[in-house]
Participant: 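My questions all concern the structure below.
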Number of protein chains: 4
Amino acid sequence: MPKIVDKKEKRSRILETAIKVFAQKGVNNTKIADIAQAAGIGKGTVYEYYHSKEEIISDSFRHFMESMSGVIGRRLLHLRDPVDKLLAYFAAWGEIVDSEAMSYIEVVLDFWAEGLRQEKTAMTINLAEMYAEYRATVKSLLDECVSAGRIRPVDTQITASILLGTMDGLLVQWIADRDVFDIKLAIELLPKIFIAGMEGHG
Amino acid sequence: MPKIVDKKEKRSRILETAIKVFAQKGVNNTKIADIAQAAGIGKGTVYEYYHSKEEIISDSFRHFMESMSGVIGRRLLHLRDPVDKLLAYFAAWGEIVDSEAMSYIEVVLDFWAEGLRQEKTAMTINLAEMYAEYRATVKSLLDECVSAGRIRPVDTQITASILLGTMDGLLVQWIADRDVFDIKLAIELLPKIFIAGMEGHG
Amino acid sequence: MPKIVDKKEKRSRILETAIKVFAQKGVNNTKIADIAQAAGIGKGTVYEYYHSKEEIISDSFRHFMESMSGVIGRRLLHLRDPVDKLLAYFAAWGEIVDSEAMSYIEVVLDFWAEGLRQEKTAMTINLAEMYAEYRATVKSLLDECVSAGRIRPVDTQITASILLGTMDGLLVQWIADRDVFDIKLAIELLPKIFIAGMEGHG
Amino acid sequence: MPKIVDKKEKRSRILETAIKVFAQKGVNNTKIADIAQAAGIGKGTVYEYYHSKEEIISDSFRHFMESMSGVIGRRLLHLRDPVDKLLAYFAAWGEIVDSEAMSYIEVVLDFWAEGLRQEKTAMTINLAEMYAEYRATVKSLLDECVSAGRIRPVDTQITASILLGTMDGLLVQWIADRDVFDIKLAIELLPKIFIAGMEGHG
DNA sequence: GATGAATGAGGGTTCATTCAT
DNA sequence: GATGAATGAACCCTCATTCAT
């Protein structure tokens, strides 16, 4: 009777540990040994669950993305009014900022940096695809708003990019120096400017 | 003293080469040997002008920043109207996108990723300081606008962050996939939304 | 005591599996896990029957040797004429080439390579001892032939080495490229040259 | 003025050191660090001259082969009589046995073992090709002998294989235990048996 | 007895940095 | 000053072996 281990569960535990360590030391500066030690396991054990460091990295990225999508998805689920949904989308960012996941967000920059360099075909980190997905969601929210006559008929594709970019860029700035502004306040202010800027007859 | 001039000039040449190589291969994947080869000099020669790879990285960052500031500064120099200045600030980004410097912008993400991890005291890449500088500029532009009654009395500190963040985030998205939207169009659209969103009696 | 029989039987099964895997992948490239998997048992189980990989290797060598000796011994058993015996010895190689054991012969080179390196005292693979045994057999056959006046009084020790060497070397060459010559034909040709070369008044 | 190093010369020195170490410890048991230490250089320096251990191995093989070919070629160069040439070929082995190169011959077995496992397309160690080359040489010597009516019209292809195999196999046996027979004597005896065995009207 | 999860010593390789020429 | 040969610390990954179940 061999030792029975929930492989999936342990893989998850390693992954979460990895993300934490990535956040602390940076993806490139993190050694497999660091992850192993942080997880309280042997170096070799990591390789029982992941084939390579690269696989850990890309899985971390995917994991992080899915957390985000989850938070956002839950927020929008029960809303019907398109502007409410848009507002909820902004608000979801506020929630993420406070969430456990947020503490790992520093990794995202590493992923970005890594992702920009990847060939389009590479499986690992596909930044373009990630943005495409988010952009599609926001664009459809904006389209609903336009259809409902709640905002001017702006170019929703570009506007979606602007909204996403704003949140990303704001986050980076805040991480760089958390004392400079109150991120929650900033996120509250965002829709007031954006929605206001898009309202009206166009 | 021609030697001193030569020394400075050569340091510059190495730096510019380094930025190019960083952009192509990523900061982490760039070896000193790559820079030396690209610069057409010996590996050891690089160390005659720079004490370490780290120093090249931080100097690259500073150099890049100064290029940006230069472009923006020249744009704003002769303007008087505060809203014009704000618009010029946005427009400067459009110019940068087309500029020679822009071709190196892919490095910025590496700088970000690296910068976020640095201790505040570290000399290398001080993202916080960089943002502080930019934010101060934009904030003062916004303050002028508010003083002149051209926009609502918004929290100019946070708003400046939002504006900067928007441009950063937009850029990253565009780099990830340049076919998804027209960056020039996006930059033109930005002030229309922002200024509109901030106008009015507040 | 069925357990003891089982134990022996299972040890054999592991061994035979090991030889097969060794032949396919080479001794050095074969992992314990490979053997376990090929045997349809767990990795740990292998260690219930063998204390180390080294032991498996040396046992494989012994096993292989014994198979060969068996084939040859059976061939010579009922013969009386010394030259017939010598011819039968050659012929035995022809049989071995077709035998089940032959399919594993690719391992032999690994054994050779490993064996040459071993200290004389080491238990694992004693190439010298193996050759000594074979040589003694062939030498006594040759001595019989000389005594019977069937061949010239050659140095039977050296000649035995030559005969054995020829068969070994021929085999290796054939394994390297089986299309170059017909091994059965070569083995038939051997005694014609050797016996002829040793015949006569000396 | 950089340090000037005869790259080729140093590569050779590393190679020769490598062969020595391979001979002592076996190819598989030799660490790059061992080679470096034996050569009195740093581990990293080895990689300035060789891209991988694999490259060192295959180069060692090639080097060894070329030494052998050189010795043999020089022996045959000035001979005209076909049987003399054949005898010289045998004698060359006697010379090799005494030569500096011979002290490394233990590596050859590793090469063989490794070579047998290689795919035909693999560049590294091509045992089949090596044998083909040697076989062609010996076969043409035999063909000359047959044409000149000096030996029976044997199958020269197979006979060449037998001759080569004999020398290989003999060598291995001798390496396994050098006290058992005198290799020089054996090599002298070889042609007496072979030539005698092939002489006559057939 | 059987298992396979866990382990860590060990080896190949990279690369920033040094330094003799 | 310029160079590139030399170096070794570091890091990823492998795999024989152990051991708890």
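Note that these values count all heavy atoms, side chains included, but never hydrogens, waters or copies made by symmetry. Quick note on labels: first sequence line is chain A, next is B, and so on, each numbered from 1. Since this is a predicted model, take the numbers as computed values, not measurements.
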Participant: Given that C:I41 and D:E48 both sit by DNA chain E, which one's nearest nucleotide is further toward the 5' end?
Facilitator: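 That would be C:I41.
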Participant: Would you kindly give the CD-to-P distance between B:Q37 and F:dG4, to the nearest whole Å?
Facilitator: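 Checked: the CD to P distance equals 11 Å.
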Participant: Under 4.0 Å between a side-chain nitrogen and a carboxylate oxygen: does that hold for D:R11 and D:E16?
Facilitator: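 Answer for the salt bridge query: no.
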Participant: Scan every strand shown for a Watson-Crick or G-U wobble partner of E:dG8, both distances under 3.5 Å, and answer none if you come up empty.
Facilitator: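 Result: F:dC15.
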Participant: Does the Lys NZ or Arg CZ of C:K10 fall within the cation-pi geometry relative to C:Y49 - under 6.0 Å from the ring centre and within 45° of the axis?
Facilitator: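 No, cation not above the ring by the 6.0 Å, 45° rule.
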Participant: Using whole Å, what does the distance between atom C1' of nucleotide E:dA16 and atom CG of B:N29 come to?
Facilitator: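 It works out to 15 Å between those atoms.
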Participant: Starting at CG of C:D34 and ending at C1' of F:dT14, how long is that distance when rounded to a whole Å?
Facilitator: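 Spelled out: CG on C:D34 to C1' on F:dT14 is 12 Å.
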Participant: How many whole angstroms separate atom CD1 of B:I32 from atom C1' of F:dT3?
Facilitator: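 Atom CD1 in B:I32 sits about 15 Å away from atom C1' in F:dT3.
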Participant: Could you state the OH-C1' distance from A:Y47 to E:dG10, rounded to the nearest angstrom?
Facilitator: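 Atom OH in A:Y47 sits about 14 Å away from atom C1' in E:dG10.
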Participant: Would you say the side chain of B:K20 lies within less than 4.5 Å of the side chain of B:T17, judging by non-hydrogen atoms?
Facilitator: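 The answer is no; the side chains never approach within 4.5 Å.
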Participant: Tell me the interatomic distance from C:K31, atom NZ, to F:dA16, atom C1', rounded to whole angstroms.
Facilitator: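 Checked: the NZ to C1' distance equals 12 Å.
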Participant: Taking atom P of E:dA5 as reference, at what distance in whole Å does atom CG of A:D6 sit?
Facilitator: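 Computing the A:D6:CG to E:dA5:P distance gives 12 Å.
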Participant: Under the 3.5 Å rule, do the base of F:dG1 and the side chain of B:K10 count as making a donor-acceptor pair?
Facilitator: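 By the distance-only test, no, there is no pair.
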Participant: Regarding D:Y49, tell me which of base, sugar-phosphate or nothing describes its non-hydrogen contacts under 4.0 Å with the strands shown.
Facilitator: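 Since only primed, P, OP1 and OP2 atoms lie under 4.0 Å of D:Y49, the category is sugar-phosphate.
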Participant: Could you tell me whether C:K43 contacts a base, only the sugar-phosphate backbone, or nothing, with contacts defined as non-hydrogen atoms closer than 4.0 Å?
Facilitator: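 Counting heavy atoms under 4.0 Å across all strands, the contact made by C:K43 includes a base.
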Participant: Taking for each residue the nucleotide of DNA chain F with the nearest heavy atom, is it C:T30 or D:G44 whose nucleotide lies nearer the 5' end?
Facilitator: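 So the residue in question is D:G44.
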Participant: Taking only the side-chain nitrogens and oxygens of D:T45, find out if one of them lies under 4.0 Å from OP1 or OP2 of F:dA5.
Facilitator: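 Checking F:dA5 against D:T45, no side-chain N or O comes under 4.0 Å of OP1 or OP2.
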Participant: Paired with F:dA20 by Watson-Crick or G-U wobble geometry, both distances under 3.5 Å: which nucleotide is it?
Facilitator: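 Because both required distances fall under 3.5 Å, F:dA20 counts as paired with E:dT3.
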Participant: In whole angstrom, give the distance that lies between atom NZ of A:K7 and atom P of E:dG4.
Facilitator: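 Interatomic distance, NZ of A:K7 to P of E:dG4: 10 Å.
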Participant: Please answer whether the main-chain N or O of D:T30 pairs with a side-chain N or O of D:K53 as donor and acceptor at a distance below 3.5 Å.
Facilitator: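 Side chain of D:K53 to backbone of D:T30: a pair is present.
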Participant: Looking only at non-hydrogen atoms, find the nearest pair between B:Y47 and B:S52 and report the distance.
Facilitator: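 Closest approach of B:Y47 to B:S52, heavy atoms only: CE2-CA, 4.1 Å.
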Participant: Let me know, please, whether B:G42 or C:H51 comes out on the 5' side of the other along DNA chain F by nearest nucleotide.
Facilitator: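 Its nearest nucleotide lies further toward 5', so the answer is B:G42.
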